[in-house]
Amino acid sequence: MGNTLQTLPQIPPPPPPPPPPPRPDEQEEEELQERRPEAGNREFTCEICIEPASIRGKKFRNGGRCSHPFCTDCVVKYIRVQLEDNNAGRIKCPALNCGHALDPRACAPLVGGALFVRWCDVLCEAAIVGSDRCYCPNRNCSALILNECGGVVKKSTCPSCKRCFCFQCKGVWHAGFGCEESGEIRDRNDVAFGRLVEQRKWKRCPRCRHFVELREGCKIVKCRSSIYLY
């Protein structure tokens, strides 16, 4: 009985690994070549608009994070859409299969002052998600304000426009009146009376709604509605 030689199944070779991302020194060498005088007439095709563009002054550079053939005009339009439509602070690179985000500092000279400020505001709001915050009710201000002291805060002063507002009901400051009454229409006399109440520290009875003033003596004051104040 003879021996038979068994052939082993052939295992296919593993696929080649993907090319590594360009190193910082390679990106710097590429940028140096693009800045040379002989590269002034060279063109590339933008992968977004599929239009030819000059390398010098038109090719977008993402602050050394990644390098793709995008023209600056398309990148600015892409950033504007992400901010205005999606309110996105971390804007991903528009290249497929690229996990990098756009560098705001590298994009600042391209997008302009107003759009860059909007981008910074969105990044700040994303960084303080979950914090106790509100916006200034002054229409000409609308500054973002944080409760850095903690606890229950009512009367606050906007650090931008210096106007007083209520941190609880997010409206203008209602001196002498509660938050539930802040939406009522009041004339100048009501506003002046409310300031007087706040200045003299009068207390308001929650039952009869009359104000009580403590002039002297102990702090136990009984209202006509048999409710103790102070």
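This structure is a prediction, so every number in the text was calculated from the model and none was measured.
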> Can you name the nearest heavy-atom pair linking Trp173 to Lys154, along with the distance?
Replying inline: CZ3-C, 4.0 Å
> To the nearest 0.5 Å, what is the distance between CZ (Arg61) and CZ (Phe70)?
Replying inline: 14.0 Å
>> For Cys71 and Cys49: C-alpha separation, side-chain torsions, deciding distance, then whether side chain to side chain contact (heavy atoms under 4.5 Å, CB included) applies.
In response: CA-CA 8 Å; Cys71 67; Cys49 62; 4.0 Å; yes
> Any idea which heavy atoms bring Val122 and Ala88 closest together, and the distance?
Replying inline: CG1-C, 3.7 Å
> Mind checking whether Ile48 and Leu115 sit in one hydrophobic cluster, side chains of I, L, V, M, F, W, Y counted as touching below 4.5 Å?
Replying inline: yes
> Given side chains that start at C-beta, do those of Ile145 and Cys158 come closer than 4.5 Å, heavy atoms only?
Replying inline: yes
> Quick check: does any side chain N or O of Arg163 sit under 3.5 Å from a backbone N or O of Asn138, one acting as donor and the other as acceptor?
Replying inline: no
> Between Cys74 and Phe60, is a side chain to side chain contact (heavy atoms under 4.5 Å, CB included) present by the stated rule, with each step listed?
Replying inline: CA-CA 9 Å; Cys74 289; Phe60 172 70; over 6 Å; no
> Can you name the nearest heavy-atom pair linking Phe165 to Cys134, along with the distance?
Replying inline: CE1-SG, 3.5 Å
> Of the non-hydrogen atoms in Ala101 and Arg65, which two are nearest, and what is the gap between them?
Replying inline: O-NH1, 3.0 Å
> Quick one: does Asn62's side chain have a donor or acceptor within less than 3.5 Å of a partner on Asp103's backbone?
Replying inline: yes
>> I'd like to know if Val111 and Leu123 are part of one continuous hydrophobic network [Ile/Leu/Val/Met/Phe/Trp/Tyr, side-chain heavy atoms within less than 4.5 Å].
In response: yes
> Which pair of heavy atoms, one from Lys162 and one from Pro159, lies closest together, and at what distance?
Replying inline: NZ-O, 3.1 Å
> Say you draw a straight line from NE2 of His68 to NZ of Lys59; how long is it, rounded to the nearest 0.5 Å?
Replying inline: 10.0 Å
> Which distance, rounded to the nearest 0.5 Å, do you find between the OG of Ser160 and the CG of Leu144?
Replying inline: 11.0 Å
> How are the rings of Phe116 and Trp119 set relative to one another: parallel (under 30°), tilted (30 to 60°) or perpendicular (over 60°)?
Replying inline: perpendicular
> Going by heavy atoms in the side chains, are Arg118 and Glu84 under 4.5 Å from each other?
Replying inline: yes
> At their closest point, which heavy atom of Pro94 faces which heavy atom of Tyr78, and how far apart are they?
Replying inline: CD-CE2, 3.8 Å
> Is any side-chain heavy atom of Glu51 less than 4.5 Å from a side-chain heavy atom of Cys46?
Replying inline: no
>> Between Gln168 (side chain only) and Val153 (backbone N and O only), is there a donor and an acceptor less than 3.5 Å apart?
In response: yes
>> Using the side chain to side chain contact (heavy atoms under 4.5 Å, CB included) definition, which of the options Val75, Val81, Leu102 pairs with Ile91?
In response: Leu102
>> Take a 6.0 Å sphere around NZ of Lys170 and say whether it holds more than 12 heavy atoms from other residues, nucleotides or ligands.
In response: yes
> Out of curiosity, does Tyr135 fall in the hydrophobic cluster containing Leu146 (side-chain heavy atoms, cut-off under 4.5 Å, transitive links)?
Replying inline: yes
